[in-house]
Amino acid sequence: MTKKGMPKGCLRPLLVTIIFLTSASFAIQYFFVLRGTYDGKETSYTSLALVNGRVWNGVEPVIDGGKVIIQGSDITCVGRDCETPQGAKVVDVNGMAIMPALFDMTAYFFLNTQENEGKNPLGQLLTYLRIRPEVRKNFHRNGITNFRSTGDPMQNILEYNLKMLKGEIMGPRVYAAGPIFTAVGGHPVSTWFAGDEGNADAFTYEETQVNVAKTHAVEVYETGMEGIKIVYDDMGGTVPKLDSQIVKGLIEQAGELNMWVAVQTGTNQDIREVVRWGAEMIEYGARDAIDSVTLKLLVDEKVTVIPSAFVSEVTPKALNPDWFARPAMRENIQKLEAAGVFIAAGASTGPGMSFGASLLAEMDQLMRMGMNAENVLKAATRIPAQTLQLDDRYGTLEPGKTADVIIVDGSPWVDVKALENIHTVIQDGKLVVVAKEIQD
């Protein structure tokens with residue numbers, strides 16, 4: 001007898017059975033994950049003609065009975081008098097809205113979110129190995145063809161970008177900052193990743209010295225990231241705040257490398273400081289009231305503010321409300337809009353939230369806080385493209401630009417909640433969602 005009374009002759013068959021069942025379970029789960037990998041697909045058409053629509057191109061008033069002509073990956077004509085190319089695939093949109101596809105300006109692609117709920121550890125591992133196909137689908141289902149990664153492990157987000165650019169997987173384009181620069185024990189180390197040292201190491205740099213922080217910024221640049229994300233916010237006094245000299249040094253280093261800089265701030269004074277140091281984007285903004293001096297500075301320096309108002313005002317139960325609460329958010333957004341500050345939409349999708357749908361919730365929240373519906377649309381189209389210096393290709397529907405287009409059943413320039421009825425999504429001139437169904 002072996003220990004615990006097991007006959008010796010039964011041990012080998014039992015081990016074989018365990019190995020077989022484990023392998024079978026892995027194979028079955030891998031098969032089901034592979035069924036939804038959302039790989040790149042070839043198309044049978046080279047040109048598209050979207051006809052009989054109401055075109056909101058982000059530049060001029062709505063064009064009733066308008067057309068958008070696409071050849072290859074580019075828009076060639078927008079208006080009522082466009083000629084349909086011979087052999088083009090014609091899509092009669094039947095009076096629906098045609099507009100530019102959306103940007104999500106604050107996304108953490110590899111953060112644990114609602115898409116992971118209900119999956120066992122093996123299922124979660126396989127999902128990540130396949131580069132989160134459900135997240136990529138959810139981006140497309142909700143009309144998003146570009147997003148800014150503001151805190152992801154560098155090699156992971158780089159792999160995503162390379163596979164997407166090669167056409168091996170479907171998904172929106174990414175403009176990435178790599179890990180988040182923060183204080184030791186600052187956000188998100190002791191908030192999202194409390195007790196999770198592995199993710200804290202992968203998603204952040206905890207900085208104590210200016211020269212080391214600058215070295216890390218160079219590392220981010222050399223890995224292939226386009227910007228850096230800094231947290232200069234004590235989350236309402238609940239976590240440590242990064243030293244101001246480190247923040248200033250990081251912004252200087254990023255400027256030398258020609259990288260964009262986004263800074264999460266907590267107060268009006270924080271905003272004023274980092275803009276004077278050279279930050280181009282402000283995330284969340286201030287808990288207190290933004291004053292006239294800061295508003296003028298934001299306008300003069302052409303800084304873009306990404307409020308993430310939904311997370312701040314309607315915090316999911318999975319998050320601590322104190323971390324993101326901005327009591328003056330509504331007043332500040334109205335001030336920003338009135339002053340002509342650039343405002344961009346970023347969902348900041350986190351635990352308990354789902355990608356894509358969270359951006360639509362953010363846009364609805366911005367409108368509820370007083371923003372004009374058309375300005376909210378620009379906050380998710382034209383302003384992000386302009387902020388990331390991509391407006392020669394994206395953000396509006398104009399000849400010569402990339403054909404990233406959505407068709408919406410409704411009038412989102414009147415009420416952005418119409419975006420909940422996205423019917424068709426086109427990226428690079430290819431139909432990726434048709435009649436609300438993903439083209440898998």
Side-chain angles (χ1 to χ4, degrees), residues 26 29-42 103-116 119 121-141 144-181 188 192-193 196-205 216-229 257 259-260 262 346-350 354-356 388 390 394 402 404 427-428 430 432 438-440:
F26 184 90
Q29 293 195 58
Y30 189 64
F31 171 75
F32 280 108
V33 170
L34 279 176
R35 288 182 63 190
T37 53
Y38 203 34
D39 295 336
K41 299 289 188 297
E42 295 297 323
F103 279 74
D104 187 342
M105 282 290 277
T106 309
Y108 311 92
F109 185 86
F110 288 97
L111 191 66
N112 188 31
T113 54
Q114 200 171 75
E115 283 85 354
N116 278 10
K119 287 186 172 67
L122 181 56
Q124 291 192 28
L125 173 63
L126 290 173
T127 297
Y128 280 104
L129 288 175
R130 298 304 302 172
I131 314 183
R132 305 199 78 182
E134 197 59 35
V135 168
R136 291 184 277 119
K137 288 181 181 181
N138 281 343
F139 271 130
H140 273 165
R141 288 181 180 114
I144 299 161
T145 59
N146 290 287
F147 74 95
R148 189 179 61 118
S149 163
T150 50
D152 277 301
M154 287 190 288
Q155 293 302 328
N156 299 73
I157 202 68
L158 191 63
E159 181 187 11
Y160 167 86
N161 193 39
L162 290 173
K163 285 183 176 292
M164 188 277 301
L165 291 174
K166 289 179 180 178
E168 295 176 8
I169 60 174
M170 296 284 284
R173 304 173 199 87
V174 61
Y175 311 95
I180 299 166
F181 289 84
W192 285 344
F193 303 131
D196 186 352
E197 187 176 339
N199 269 329
D201 287 343
F203 281 83
T204 69
Y205 288 112
H216 286 153
V218 173
E219 178 182 322
V220 168
Y221 171 77
E222 291 178 344
T223 303
M225 303 297 104
E226 299 173 10
I228 64 170
K229 161 71 176 287
L257 297 170
M259 303 174 77
W260 50 257
S348 196
T349 309
S354 179
F355 285 93
L388 296 172
L390 301 167
Y394 311 113
T402 300
D404 279 19
Q427 180 174 324
D428 280 324
K430 297 178 181 179
V432 294
I438 207 82
Q439 300 301 285
D440 199 8

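Atoms CG and OG1, from Asn146 and Thr402 in turn, are 9.0 Å apart once rounded to the nearest 0.5 Å. Between Ile157 atom CD1 and Leu162 atom CG the span is 10.5 Å, to the nearest 0.5 Å. The line from CG of Leu111 to CG of Asp152 is 8.0 Å long, rounded to the nearest 0.5 Å.
Judged as a ring-ring contact (aromatic ring centres under 6.0 Å, His included), and not counting sequence neighbours, the contacts of Phe355 are Phe139. Take Tyr221 and apply the side chain to side chain contact (heavy atoms under 4.5 Å, CB included) test, not counting sequence neighbours, and it matches Leu257, Met259. Under the side chain to side chain contact (heavy atoms under 4.5 Å, CB included) criterion, Glu219 pairs with Met154, Tyr205, His216, Thr223, sequence neighbours left out. Residues that satisfy the salt bridge (charged side-chain N to carboxylate O under 4.0 Å, His left out) test with Arg148, not counting sequence neighbours, are Glu283. For Asn199, the side-chain hydrogen bond (donor to acceptor under 3.5 Å, both in side chains) partners two or more places apart in sequence, or in a different chain, are Asp196.
Sorted by first then second residue, the salt bridge (charged side-chain N to carboxylate O under 4.0 Å, His left out) pairs that include residues 154-181, not counting sequence neighbours, are Lys163-Glu168, Arg173-Asp404, Arg173-Asp428.
Contact of the Asn112 side chain with the Phe193 side chain is not registered, since no non-hydrogen atoms from C-beta on lie closer than 4.5 Å. Tyr175 is not listed as a side-chain neighbour of Ser149, based on a closest heavy-atom distance of 4.5 Å or more. In this structure, Phe147 and Pro172 have side chains that are in contact, with non-hydrogen atoms separated by less than 4.5 Å. By the 4.5 Å heavy-atom criterion applied to side chains, Phe181 and Ile228 are counted as neighbours. The shortest distance between side-chain heavy atoms of Tyr160 and Arg136 falls below 4.5 Å.
Of all heavy-atom pairs between Pro179 and Ala202, the closest is CG-O, 3.9 Å. Smallest separation of non-hydrogen atoms from Tyr38 and Pro133: CB-CB, 4.3 Å.
Remark: Arg130 engages Asp39 in a salt bridge, criterion side-chain N to carboxylate O under 4.0 Å.
Counting only distance, with no hydrogens or angles, the side chain of Gln427 and the backbone of Gly171 share a donor-acceptor pair below 3.5 Å. Within the 3.5 Å criterion, the main-chain N or O of Gly356 finds no donor-acceptor partner in the side chain of Asn138.
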Report task. Take Val135 and Phe110 through the test side-chain contact (heavy atoms from CB on, under 4.5 Å) and record every step on the way to the result. Result -> CA-CA 9 Å; Val135 168; Phe110 288 97; over 6 Å; no
Requested in this report: Would you please test Tyr394 and Leu388 for side-chain contact (heavy atoms from CB on, under 4.5 Å) and show each step?
Outcome: CA-CA 10 Å; Tyr394 311 113; Leu388 296 172; over 6 Å; no
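Checked against a 6.0 Å centroid threshold, the rings of Trp192 and Tyr108 count as neighbours.
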